[in-house]
Amino acid sequence: MRIDFIDPFLEATEEIIREVLNVEPKRGEMELNEQETIPDIGVFLGLTGQASGRMLINFDKNLALKIIEVMNGEPHALESEMGQATIGELGNMITGRAVTKLYEKGFHFNLTPPSVIVGNNVRVSTLGIETLSVPYHISYGNLEINISIKENV
Amino acid sequence: MRIIEEHINKKQPEGLKPDGTPYNVLIIDDSMFIVKQLSQILASESYNVIDTATDGEEGVRKYKELYPKVDLVTLDITMPKKDGLQVLKEIMEFDKDAKIVIISAIGKQDFVKEALLLGAKNYIVKPLNREKVLERVKKVLI
């Protein structure tokens with residue numbers, strides 16, 4: 001996976017978290033995985049265009065509930081339609097910002113609409129495509145972004 | 001005298017036409033969160049959300065059904081069934097005077113250019129805030 005594909009996703013995640021929650025996210029150590037787990041709630045977005053792949057953003061329950069409350073001005077349950085729509089929209093904003101940054105670097109990607117998965121340690125296989133995982137600690141909880149991109153040949 | 005001063009100083013909400021009736025807005029967006037956020041922002045200035053559509057096909061159909069009552073459309077780009085640029089094209093073919101504001105998480109210059117070339121009147125990149133939305137919407141309706 002090309003490293004210049006990755007930076008825009010990290011920058012976009014950090015910018016959107018700052019803008020929405022007004023807190024500073026702390027980036028942890030990156031690692032490569034072939035399997036992922038969604039501990040509480042995750043949002044998938046597909047990437048098409050110059051390369052294909054997808055982004056999975058995982059939120060722990062405390063962080064997800066805080067994001068839902070801040071973005072709506074009132075609390076909603078993780079299982080509620082509005083709770084999931086809010087997390088989906090945050091994922092859309094992060095990935096949309098990343099796609100815009102990639103475009104500015106000369107890489108052309110488009111997005112598919114987000115899908116939100118709520119569950120308890122749901123396992124996701126990437127079917128052999130390597131995934132770069134980057135954890136973030138935010139004062140309300142933890143977030144992890146997982147990026148899988150395969151260049152089209 | 002005080003009553004006259006209060007009347008003069010009272011600002012008319014931006015969502016009302018000079019005749020006092022509200023501008024009608026059609027929101028086309030697949031995110032329930034954005035529909036709610038936009039509806040609240042627009043209602044705070046007395047705009048009337050005449051209807052909402054959660055995918056592109058429904059958006060085109062509702063615009064045609066409601067014609068000529070819709071004064072402004074807010075349109076998402078990434079949507080199921082039909083994307084926002086296709087919806088924009090179809091609405092502009094149906095009504096060349098349609099006033100459409102694109103609202104998207106994607107701010108790529110080629111998207112913005114294409115949307116403006118196809119007839120969109122403005123382009124807002126998310127996240128949304130009240131001031132940004134009201135300022136762009138007002139600009140399009142003046």
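Below, each value reflects all heavy atoms present in this structure, side chains not excepted, and no hydrogens, waters or symmetry copies. Keep in mind that what you see is a predicted model, and the values were worked out from it rather than measured. Convention: sequence-line order gives letters A, B, ...; per-chain numbering from 1.
The local environment of NZ in B:Lys121 is crowded, with over 12 non-hydrogen atoms from other residues, nucleotides or ligands closer than 6.0 Å. Within 6.0 Å of the NZ atom in A:Lys105, the count of heavy atoms belonging to other residues, nucleotides or ligands exceeds 12. Heavy-atom neighbours of B:Glu65 CD from other residues, nucleotides or ligands within 6.0 Å: above the threshold of 12. With a 6.0 Å radius and a threshold of 12 heavy atoms from other residues, nucleotides or ligands, A:Lys26 has its NZ atom at or below the threshold. Around atom CG of B:Asp110, more than 12 heavy atoms belonging to other residues, nucleotides or ligands sit under 6.0 Å away.
With a 4.5 angstrom heavy-atom cutoff, B:Gln40 does not touch chain A via any of its atoms. Within the 4.5 angstrom heavy-atom criterion, only side-chain atoms of A:Ile16, from C-beta onward, approach chain B.
B:Met92 and B:Leu117 sit in two unconnected hydrophobic clusters of ILVMFWY residues. Membership requires side-chain heavy atoms under 4.5 Å apart, directly or through other members. Cluster annotation: A:Leu132 and A:Phe5 are assigned to the same hydrophobic cluster (Ile/Leu/Val/Met/Phe/Trp/Tyr, side-chain heavy-atom contacts under 4.5 Å, transitive). Placement of B:Ile124 and B:Val35 within a single hydrophobic cluster is found when ILVMFWY residues are connected by side-chain heavy-atom separations under 4.5 Å, directly or transitively. A single hydrophobic cluster is seen to contain both B:Leu128 and B:Val49, as judged by linkage of ILVMFWY side chains at heavy-atom distances under 4.5 Å, directly or through other members. Both A:Phe109 and B:Phe111 are part of a single hydrophobic cluster, where members link through side-chain heavy atoms under 4.5 Å apart.
Look at A:Glu74 and B:Lys36 and you find a salt bridge, because one of the NZ, NE, NH1 or NH2 atoms lies within 4.0 Å of a carboxylate O, short of that distance. Remark: B:Lys108 does not engage A:Glu104 in a salt bridge, criterion side-chain N to carboxylate O under 4.0 Å.
The greatest number of non-hydrogen atom pairs below 4.5 Å with chain B, out of A:Ala85, A:Pro114, A:Gly88, is found for A:Ala85.
A:Arg97 places a side-chain heavy atom less than 4.5 Å from the side chain of B:Pro127. Between A:Thr112 and B:Thr78, every side-chain heavy-atom pair lies at or beyond the 4.5 Å cut-off. A heavy-atom distance below 4.5 Å is found between the side chains of B:Lys126 and A:Glu89.
The structure places CG of A:Asn110 at 8.5 Å from CG of B:Asp83, a figure rounded to the nearest 0.5 Å. The CZ atom of B:Phe33 lies 8.0 Å from the CE atom of A:Met82; values are rounded to the nearest 0.5 Å. Between atom CG of residue B:Asn129 and atom CD of residue A:Glu19 there is a gap of 9.5 Å, rounded to the nearest 0.5 Å. One distance of note links CD1 of B:Ile106 with OG1 of A:Thr95; it measures 9.0 Å at 0.5 Å rounding.
Heavy-atom minimum distance, B:Pro80 versus A:Pro113: N-CG, 4.0 Å.
When the heavy atoms of residues 22-32 of chain B are compared with those of chain A, the residues falling under 4.5 Å are B:Asp30, B:Ser31, B:Met32, listed by number.
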